[in-house]
2 protein chains.
Amino acid sequence: MVEQQHVTLDRVFHALSDRTRRAMLQRLTEGEKTVSDLAAPHAMSLAGASKHIRVLEGAGLVRRRIEGRVHFCRLEAERLKQADNWLKHYERFWNERLDALETLLREEDEQANGGASR
Amino acid sequence: MVEQQHVTLDRVFHALSDRTRRAMLQRLTEGEKTVSDLAAPHAMSLAGASKHIRVLEGAGLVRRRIEGRVHFCRLEAERLKQADNWLKHYERFWNERLDALETLLREEDEQANGGASR
DNA sequence: TCGATTGTCAACCATTTGGTTTATCGTTTG
DNA sequence: CAAACGATAAACCAAATGGTTGACAATCGA
């Protein structure tokens, strides 16, 4: 089951690694879009765009509702949350440099004087 | 220059889409590791692991310091922060369902009574 | 100096990816 | 009904990916 998590993260990050797909997700923040809507801005065949959407669907980032001949897609952000949760484990590392700087400044402060400010 | 950002995100997300590479990053949270250190847990040739490390480096997620014949790698989390920033644009969407639920509960509350708690 | 160690490079391989084109399916509409 | 429309499927292609092996380069230690 943790195994499945790995596969899921693989799929999510892979889906996000393509600019076209990220743009589609962006577009979906405006609300439901049809496949044609999503395809339109990207200079590529409808079939090509359709494949991208399937990748997003496969990663669980998009859900599809079929109405007649039109397929409506909507953003499914839960998996993005999972990706974000993974990233959160590293949050302290991208704050590290800042932390180090703060520590340094504090030490300098303490060492340099017994009360005077810089 | 925003163009460059796209390419960077492509590389970062692609780097993260592989389980082996994510495990390597995890390992690097413990501190600097040599290429051999990083390769050891993954049933694959050293050359194979080396290629993964290059992908991480190419994405700017790892930096390398060469000392004699040993290559020390360390985590470079800045790019993870960028990925996280991208994801943050979607935060409100994965809170959406919760928001809707809260709204619903509040409405029920207001409608159901004029002061009594549940 | 010689052998072992650390790591890369190059060539190769199977599979996946991102894209195309053409055919087809189901739906809507004139 | 027939034609147009929205979308997928299938076959195909070039390039990238994830992995291998074998040769090599540089360094270290005895």
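Each chain gets a letter, A, B and so on, in the order its sequence line appears, and its residues count up from 1.
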Taken to the nearest whole Å, CZ/Arg54(B) to P/dA16(D) is 14 Å

Here the residues of residues 25-50 of chain A within 4.0 Å heavy-atom distance, strictly under, of DNA chain D are Thr34(A), Val35(A), Ser36(A), Leu46(A), Ala47(A), Ser50(A)

Every protein N/O lying under 3.5 Å from an N/O of nucleotides 26-30 of chain D:
| unit_1 | atom_1 | unit_2 | atom_2 | d |
| --- | --- | --- | --- | --- |
| dT27(D) | O2 | Arg69(B) | NH1 | 3.0 |

Phe93(A)/Thr29(B) under side-chain contact (heavy atoms from CB on, under 4.5 Å): CA gap, chis, key distance, verdict
CA-CA 8 Å; Phe93(A) 294 98; Thr29(B) 63; 3.4 Å; yes

- Query: Just wondering, do Leu38(A) and His52(A) contact through their side chains at under 4.5 Å, heavy atoms?
  - Reply: no

task: Please check if the side chain of Asp37(B) supplies one atom and the backbone of Thr34(B) the other of a donor-acceptor pair under 3.5 Å.
output: yes

DNA chain C nearest-nucleotide lookup for Thr20(A) and Val70(A): closer to the 5′ end is Thr20(A)

To the nearest angstrom, the CZ-P distance between Arg21(B) and dG18(D) comes to 4 Å

State whether Arg22(B) and Asp18(B) are salt-bridged, where the test is any N-O pair (Lys NZ or Arg NE/NH1/NH2 against Asp/Glu carboxylate O) under 4.0 Å. no

Arg65(B) atom CZ is separated from dT6(C) atom C1', nearest whole Å, by 15 Å

For residues Leu16(A) and Arg21(A), determine if any side-chain heavy atom of one lies less than 4.5 Å from a side-chain heavy atom of the other.
no

Per nearest nucleotide of DNA chain C, the residue lying toward the 5' end, Lys51(B) or Phe72(B), is Phe72(B)

Check your understanding: For dG6(D), does either OP1 or OP2 sit under 4.0 Å from a side-chain N or O belonging to His71(A)?
Key -> no

Next on the checklist: Quick one, Arg63(A) with Glu57(A), criterion salt bridge (charged side-chain N to carboxylate O under 4.0 Å, His left out). Give me CA distance, side-chain angles, the key distance, then yes/no.
Outcome noted: CA-CA 6 Å; Arg63(A) 271 182 55 184; Glu57(A) 236 183 330; over 6 Å; no

Whole-Å distance, Arg11(A) CZ to dT16(C) P, equals 12 Å

Here the distance between atom C1' of dT17(D) and atom CZ of Phe13(A), to the nearest Å, is 18 Å

In whole angstroms, the gap separating C1' of dG19(C) from CZ of Arg19(A) amounts to 16 Å

Does some side-chain heavy atom of Val55(A) sit less than 4.5 Å from a side-chain heavy atom of Leu61(A)? no

Whole-Å distance, Asp18(A) CG to dA15(D) C1', equals 14 Å

From CD1 of Ile66(A) across to C1' of dT27(C) the rounded distance in Å is 12 Å

query: Do NZ/NE/NH1/NH2 and the carboxylate oxygens of Lys81(B) and Glu91(A) come within less than 4.0 Å?
result: no

_Intermediate values then yes/no, salt bridge (charged side-chain N to carboxylate O under 4.0 Å, His left out), Arg79(B) and Glu76(B)_ = CA-CA 7 Å; Arg79(B) 294 291 165 81; Glu76(B) 191 73 32; over 6 Å; no

